J.: 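Next up is a structure, given as structure tokens.
Values in this document were obtained by computation on a predicted structure and should not be read as measured data. Counting from 1, the numbers follow the sequence of the chain as shown.
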Amino acid sequence: MKQAKETITLPLPPRSASGSVLAPSVLGSVLALAPRRRLASCLCAVTGRGTGMSLLRSLRFFPVACTGRSARAVLLQPSQPWHTLHAGPSLSSSASSKELLMKLRRTTGYSFVNCKKALETCGGDLKQAEAWLHKQAQKEGWSKAAKLHGRKTKEGLIGLLQEENTAVLVEVNCETDFVSRNVKFQQLVQQVALGTMAHCQNLTDQLSTYSKGFLNSSELSELAAGPDGEGSLKDQLALAIGTLGENMSLKRAAWVKVPSGFYVGSYVHGEMQSPSLQNLVLGKYGALVICQTPEQITNLEEVGRRLGQHVVGMAPLSVGSLDDEPGGETETRMLPQPYLLDPSITLGQYVQPQGVTVVDFVRFECGEDTGNSTSLTSGTVFSLGTTC
């Protein structure tokens with residue numbers, strides 16, 4: 001003889017009078033009282049009259065057929081936690097997934113929400129997730145660059161990079177000094193300096209004397225990014241704009257290469273060290289001074305630094321000559337100017353006993369007006385030292 005089927009319903013997660021969800025253990029205690037008191041009274045006592053009656057009225061939903069077991073036994077069996085089940089990857093399902101999320105967050109600096117989305121999209125592959133994040137940020141950066149076009153970029157940093165007989169100066173601008181102190185912006189300056197250095201070193205000119213070159217905003221943007229970057233410097237600029245949310249510009253770059261018998265003195269004012277590149281120096285002013293040195297000089301590095309300090313502080317427009325009459329504070333020729341660190345003598349009078357000859361210089365001041373360079377592709381003009 002067939003056993004009669006007892007049909008019951010499982011209610012939605014019960015709630016107390018205050019509105020909070022009752023734990024399964026509380027519901028089990030209520031149901032355990034059913035043999036002695038009416039179920040409705042028990043539920044109303046715990047959850048409130050309105051809620052208890054609502055639970056009973058909800059019994060018409062979710063029918064469950066039980067064969068050979070009582071309804072009370074079914075209701076009293078251990079219940080599952082009240083949560084929503086869903087398909088697809090879940091980053092909270094394991095400690096390893098959380099570690100991946102934290103690692104991606106530390107590596108890229110993007111928000112937890114974006115990092116989680118990247119890992120889910122890429123099936124938990126860390127490298128693919130990082131590439132996906134950069135690609136999305138770059139797309140957003142180009143969109144932001146179009147919207148922010150025309151906003152002034154007067155802040156930023158000068159970057160100085162020297163390797164053996166080559167030195168480069170670069171200027172990258174942003175809207176606020178706050179962003180210029182951000183490590184992501186400083187990494188952009190580093191990539192621009194490395195890209196410029198690689199461009200300079202790829203030139204195969206045979207040097208009999210020093211050579212000097214310049215790149216305007218358009219030329220700089222088309223250079224390949226440094227060894228740690230992908231695509232062009234223009235792509236890295238878009239990525240930084242997408243990440244930091246300010247208009248930025250690759251303003252200009254200068255490079256100098258010297259043969260034996262020459263030396264490049266350098267100085268950066270407001271100096272700060274690059275976050276990851278030891279020989280890159282960042283600041284608000286920068287100068288390169290090209291000196292001819294027929295003999296080996298022991299304090300050449302210090303002399304070159306002081307000459308760079310003078311160029312930054314006195315802002316000469318040309319080199320001048322040792323035969324020039326000493327000038328005053330308005331003098332624009334470098335050698336007849338009062339020496340910055342000892343105004344009682346001229347710079348020429350300081351240089352002559354040192355055994356070096358100043359032949360040229362380059363000076364960058366962050367944010368100075370050198371032409372229209374507030375966009376990704378506009379050009380710029382340079383003020384440079386010349387030998388008289």
J.: Which value, rounded to the nearest 0.5 Å, describes the distance between Leu194 atom CG and Gln187 atom CD?
T.: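 Leu194 atom CG to Gln187 atom CD measures 11.5 Å (nearest 0.5 Å).
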
J.: Residues two or more places apart in sequence or in another chain: which of them pass side-chain contact (heavy atoms from CB on, under 4.5 Å) with Glu130?
T.: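 Partners of Glu130 under the side-chain contact (heavy atoms from CB on, under 4.5 Å) test: Leu104, Thr107, Thr108, His134.
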
J.: Is a side-chain N or O of Asn247 found less than 3.5 angstrom from the main chain of Arg151, in a donor-acceptor match?
T.: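 Checking the backbone N and O of Arg151 against the side chain of Asn247, a donor-acceptor pair under 3.5 Å is found.
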
J.: Do Thr166 and Val256 come close enough that some side-chain heavy atom pair is under 4.5 Å?
T.: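 No - every pair of side-chain heavy atoms lies 4.5 Å or more apart.
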
J.: Restricting to non-hydrogen atoms, name the atom on Ala254 and the atom on Val362 that form the minimum distance, rounded to 0.1 Å.
T.: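 Of all heavy-atom pairs spanning Ala254 and Val362, the closest is CB-CG1, 4.0 Å.
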
J.: Residues two or more places apart in sequence or in another chain: which of them pass side-chain contact (heavy atoms from CB on, under 4.5 Å) with Thr357?
T.: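 For Thr357 the side-chain contact (heavy atoms from CB on, under 4.5 Å) partners, ignoring immediate neighbours, are Gln292, Val359.
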
J.: For the side chain of Gln349 and the backbone of Thr346, is there at least one donor-acceptor N/O pair under 3.5 Å apart?
T.: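 Checked: pair present.
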
J.: Of all the heavy-atom pairs spanning Ala287 and Gly308, show the shortest one and how long it is.
T.: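 So the minimum-distance heavy-atom pair works out to CB-O, 3.7 Å.
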
J.: Would you say Leu335 ends up clustered with Val356 if hydrophobic residues are merged whenever their side chains have heavy atoms under 4.5 Å apart, either directly or through other cluster members?
T.: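 Shared cluster, yes.
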
J.: Does Trp255 form a side-chain contact (heavy atoms from CB on, under 4.5 Å) with Lys212? I'd like the steps, not just the answer.
T.: CA-CA 6 Å; Trp255 54 265; Lys212 180 175 66 174; 5.8 Å; no

J.: Sort and list the pairs that fulfil salt bridge (Lys or Arg N to Asp or Glu O under 4.0 Å) and have at least one residue in residues 310-319, not counting sequence neighbours.
T.: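 Salt bridge (Lys or Arg N to Asp or Glu O under 4.0 Å) check on residues 310-319 returns no pairs.
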
J.: Determine the minimum heavy-atom distance between Leu101 and Cys115, stating which atoms define it.
T.: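 For Leu101 and Cys115, the tightest heavy-atom pair comes out as CD1-CB, 3.6 Å.
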
J.: Consider only side-chain N and O atoms of Gln191 and Gln236, and report whether a donor and an acceptor are under 3.5 Å apart.
T.: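 Checked: Gln191/Gln236 side chains pair up, N/O donor to acceptor below 3.5 Å.
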
J.: How many angstroms lie between CG in Leu317 and CE in Met334, if you round to the nearest 0.5 Å?
T.: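 Between Leu317 CG and Met334 CE, I get 12.0 Å after rounding to 0.5 Å.
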
J.: Report yes if the side chains of Leu288 and Leu160 come closer than 4.5 Å at any heavy-atom pair, otherwise no.
T.: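 Side chain of Leu288 against side chain of Leu160, heavy atoms only: contact under 4.5 Å found.
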
J.: Ignoring hydrogens and angles, state whether a donor on the side chain of Ser266 or Gln162 is under 3.5 Å from an acceptor on the partner side chain.
T.: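 There is such a pair between these side chains.
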
J.: Please report the interatomic distance CG(Leu119) to CG(Leu126), rounded to the nearest 0.5 Å.
T.: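 With rounding to 0.5 Å, CG (Leu119) is 6.5 Å from CG (Leu126).
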
J.: Step by step, work out the salt bridge (Lys or Arg N to Asp or Glu O under 4.0 Å) result for Glu175 and Lys152.
T.: CA-CA 6 Å; Glu175 295 181 48; Lys152 292 184 178 179; over 6 Å; no

J.: Once you round to the nearest 0.5 Å, how far does CG of Asn173 lie from OG of Ser180?
T.: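 If we round to the nearest 0.5 Å, Asn173:CG and Ser180:OG are 10.0 Å apart.
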
J.: Mind checking the NZ-OG spacing from Lys257 to Ser211? Nearest 0.5 Å is all I need.
T.: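 Lys257 atom NZ to Ser211 atom OG measures 6.0 Å (nearest 0.5 Å).
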
J.: Looking at Asp235, Leu233, Ile241, which hits side chain to side chain contact (heavy atoms under 4.5 Å, CB included) with Leu237?
T.: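 Single pass found, and it is Ile241.
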
J.: Check whether Tyr285 forms a cation-pi arrangement with Arg363 (NZ or CZ under 6.0 Å from the six-membered ring centre, at most 45° off the ring normal).
T.: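 Pair Arg363/Tyr285 does not count as cation-pi.
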
J.: Show me the pairs that pass salt bridge (Lys or Arg N to Asp or Glu O under 4.0 Å) and involve residues 301-322, at least two apart or across chains.
T.: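 For residues 301-322, and leaving out neighbouring residues, the salt bridge (Lys or Arg N to Asp or Glu O under 4.0 Å) pairs sorted by first residue read Glu302-Arg306.
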
J.: Please report the closest heavy-atom contact between Gly124 and Leu100, naming both atoms and the distance.
T.: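 Shortest heavy-atom contact: O-CD1, 3.6 Å.
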
J.: Enumerate the residue pairs fulfilling ring-ring contact (aromatic ring centres under 6.0 Å, His included) with a member in residues 157-206, sequence neighbours excluded, ordered by first and then second residue.
T.: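 Listed once each, the pairs would be none.
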
J.: Restricting to non-hydrogen atoms, name the atom on Pro338 and the atom on Pro343 that form the minimum distance, rounded to 0.1 Å.
T.: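 In this case the closest contact between Pro338 and Pro343 is CB-O, 4.0 Å.
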
J.: Mind checking what makes side-chain contact (heavy atoms from CB on, under 4.5 Å) contact with Thr209, not counting sequence neighbours?
T.: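 Checked Thr209 against side-chain contact (heavy atoms from CB on, under 4.5 Å); matches are Phe262.
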
J.: Would a distance-only check, ignoring hydrogens and angles, find a side-chain to backbone donor-acceptor pair under 3.5 Å from Glu331 to Pro336?
T.: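 No, because the side chain of Glu331 does not come within donor-acceptor range (under 3.5 Å) of the backbone of Pro336.
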
J.: Is there a side-chain contact between Phe214 and Arg252, using heavy atoms and a 4.5 Å cut-off?
T.: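 Side-chain contact under 4.5 Å: no.
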
J.: In chain order, what residues pass the side chain to side chain donor-acceptor pair (under 3.5 Å) check against Asp324, with sequence neighbours excluded?
T.: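 For Asp324 the side chain to side chain donor-acceptor pair (under 3.5 Å) partners, ignoring immediate neighbours, are Arg333.
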
J.: For Ser217 and Leu250, work out which heavy atoms get closest and say how close.
T.: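 What the structure gives for the nearest pair is OG-O, 2.8 Å.
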
J.: Sequence neighbours left out, what pairs pass salt bridge (Lys or Arg N to Asp or Glu O under 4.0 Å) with at least one residue falling in residues 277-294?
T.: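 Residue pairs passing salt bridge (Lys or Arg N to Asp or Glu O under 4.0 Å), neighbours aside: Glu155-Lys284, Asp177-Lys284.
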
J.: At what distance, to the nearest 0.5 angstrom, does CG of Leu307 lie from SG of Cys291?
T.: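 Leu307 CG to Cys291 SG: 5.0 Å, rounded to 0.5 Å.
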
J.: With side-chain contact (heavy atoms from CB on, under 4.5 Å) as the test, would you mind laying out the steps for Val351 and Val358 before giving the verdict?
T.: CA-CA 8 Å; Val351 167; Val358 178; 4.2 Å; yes

J.: What's the verdict on side-chain contact (heavy atoms from CB on, under 4.5 Å) for Leu282 and Glu271, showing C-alpha distance, side-chain angles and the deciding distance?
T.: CA-CA 6 Å; Leu282 305 171; Glu271 178 177 323; over 6 Å; no

J.: For Thr196, give me all partners under side-chain contact (heavy atoms from CB on, under 4.5 Å), at least two apart in sequence or on another chain.
T.: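 Scan of Thr196 (side-chain contact (heavy atoms from CB on, under 4.5 Å), adjacent residues dropped) gives Val168, Val170, Val192, Leu215, Leu220, Leu223, Ala253.
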
J.: Among residues at least two apart in sequence or on other chains, which ones pass salt bridge (Lys or Arg N to Asp or Glu O under 4.0 Å) with Glu163?
T.: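 By the salt bridge (Lys or Arg N to Asp or Glu O under 4.0 Å) rule, Glu163 matches no residue at all.
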
J.: Will you find, in the side chains of Thr176 and Glu246, an N or O donor that is under 3.5 Å from an N or O acceptor?
T.: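 Side chains of Thr176 and Glu246: pair found under 3.5 Å.
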
J.: Would you find a donor on one side and an acceptor on the other, under 3.5 Å apart, between the side chain of Ser249 and the backbone of Lys251?
T.: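 No, the answer is negative, given that no donor and acceptor are paired below the 3.5 Å cut-off.
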
J.: I need the full list of ring-ring contact (aromatic ring centres under 6.0 Å, His included) pairs touching residues 306-347, with sequence neighbours left out, sorted by first then second residue.
T.: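 Found Tyr339-Tyr350.
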
J.: I'd like to check the salt bridge (Lys or Arg N to Asp or Glu O under 4.0 Å) partners of Glu219; sequence neighbours left out, ordered by chain and number.
T.: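 With neighbours one apart ignored, the set is empty.
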
J.: Does some side-chain heavy atom of Cys174 sit less than 4.5 Å from a side-chain heavy atom of Thr153?
T.: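 They are not in side-chain contact.
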
